[in-house]
Amino acid sequence: MAQILVVDDSAAVRNEVTQFLRSNGLDVESAVDGKDGFEKFKRDPAIKLIISDINMPNLDGLSMVEKIRGELGNSTVNIIMLTTESDARMKERGKASGVKGWIVKPFKGDAVVGSIKKLIGA
Amino acid sequence: MEKATNIVSKILIYENQKEAEARLRSFCEENSLIGLKACNSTTMDIFTSNTDLGGVIISEMTQVGEMTAVQIATKIHDIRPELPIFLRMNQVDGKNLALDKVFAGYFAIDRLDLLRDCLNKYLFTTYYPMALIRGMQEISGTAIAANLKNCDIYSSAPYLVNDQVIYGELMSLIPMESSWYRGYMMLQTTEENAINLIKQGQTPLPVDDTGYRAVNSLLNEITNLMWGGIKSRFPLYKDEEQENLSATTQIPISINHHHKYISFGSSEPQLCFHYIVQDKKKKYAPIDLYQKFIFNLSWVPENYMDSQSQVEKLVDDGELEFF
């Protein structure tokens, strides 16, 4: 059972974000792409926040969000995109799918940990 | 990050005459060239590795061991056919057509304008705005610093090469597309040095995660950050179709030559075909062709029927279709 699901195809980013959040007392699970993220989210009802990359193989991050909102009908889980993308159309698409926040990589944990804790009520 | 931004190119020079050498040195300084003096050795090692070379200048009087200028140039051309070689003649008295395959151009020491024309034709063909160069360096430096911690990053002057050589064992490749550019960005490095940084805890990876797949993922993340940064900084889409390009997902392809490894980021099985091509008389060994389809970014087979019905409406093979 995890509070946060980190979805990124890069082992380096997965490790960095996961380690940082764990060191801040949070329960974290990780997934290697959108497809894996979708399956893990389906199996774990305790997840309150998803932090996801966009450019990933098999299923990209925004399509994963759309599947969570559409296929699973879940409109409550908080989703933040952690990505190199800052394209306005991408952001629009994310917003329309119910993405709550957008972080342009690289990940600067100290700057966002407060907001992350607030989002999951920790 | 320490950086230099003027574009230069390295030229290897075979020149035995002192006066001509001095003139060429001045010419290089005036024309953004870094002149490297070729050693008097017949070894061609410098051409088999990645040496950042933009071209070669060779004097027709050059003699290295038993080899004449034409023989040296022919050998260089065999090893690195993409590298332009410019022949310095005592007098430019018409081109020697027999040597045109080897030499990209000819000049004399009192006709350096011809050399300048050659360089403009073969090396400095594309205009790269200085602000773009600075931006690319800055974004790339940030991407490197985000993944390789506690390191000083030095950036040499950007350079132009006629190069088809792969440096190191590790490589990542990612398409770059906008309304004003289309192509690829490639990042190349050596595996051992990258592993050392992981072992020393200077990357986001665990210190014992030194398998080549982990090392490649580190290179991919740096590539990804550079790609995203450059794409965001220099977009300028003129129409909707171009703008749609920016909304397509991309991931780097990573290659490790040493381990014969290529990753498209997906662990899904690849659809493969193996063709064996044999001449009818079976005089020669057959050629094996391996074809692989990697639909790593999207694969929706449910839509297959739709595309099939559309194809059937088209004209049969070999028929002429009038518009």
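The chains referred to below are lettered A, B, ... by the order of the sequence lines, with proteins before strands, and numbering in each begins at 1.
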Given a strict heavy-atom distance threshold of 4.5 Å, which part of [X] is in contact with chain A: side chain, backbone, both, or neither?
{"X": "B:Phe264", "answer": "backbone"}
{"X": "B:Asn224", "answer": "both"}
{"X": "B:Pro252", "answer": "neither"}

From OG1 (A:Thr84) to NZ (B:Lys231), nearest 0.5 Å: 7.0 Å
Rounded distance (nearest 0.5 Å) linking atom OG of B:Ser217 with atom CZ of A:Arg14: 7.5 Å
Shorter than 4.5 Å, heavy atoms on both sides: which option in [options] has the most such pairs with chain A?
{"options": "B:Asn147, B:Asp209, B:Leu218, B:Leu205", "result": "B:Leu205"}
{"options": "B:Leu297, B:Ile251, B:Ile198", "result": "B:Ile251"}
{"options": "B:Pro206, B:Ala146, B:Ala143", "result": "B:Pro206"}

Just wondering, are more than 12 heavy atoms of other shown residues or ligands nearer than 6.0 Å to [atom1] in [X]?
{"X": "B:Tyr128", "atom1": "OH", "answer": "no"}
{"X": "B:Glu192", "atom1": "CD", "answer": "no"}
{"X": "B:His258", "atom1": "NE2", "answer": "no"}
{"X": "A:Lys40", "atom1": "NZ", "answer": "yes"}

B:Leu225 to A:Pro106 - nearest heavy-atom pair and separation: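 Smallest heavy-atom distance, with atoms named: CD2-N, 3.9 Å.
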Non-hydrogen atoms of B:Glu221 and A:Ser10 that approach each other most closely: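 Scanning both residues completely, I find the closest heavy atoms to be OE1-CB, 3.1 Å.
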Candidate pair B:Lys149 and A:Glu16, rule salt bridge (Lys or Arg N to Asp or Glu O under 4.0 Å), full reasoning: CA-CA 12 Å; B:Lys149 320 266 183 204; A:Glu16 185 179 28; 3.1 Å; yes
Atom group of A:Asp9 that falls short of 4.5 Å from chain B, counting heavy atoms: side chain
A:Lys35 portion near chain B, given a 4.5 angstrom heavy-atom threshold: side chain
A:Asn15 (side chain) donor-acceptor with B:Pro204 (main chain) under 3.5 angstrom: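 Yes: the side chain of A:Asn15 pairs with the backbone of B:Pro204.
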N/O donor-acceptor pair under 3.5 Å between B:Asn296 side chain and A:Pro57 backbone: no
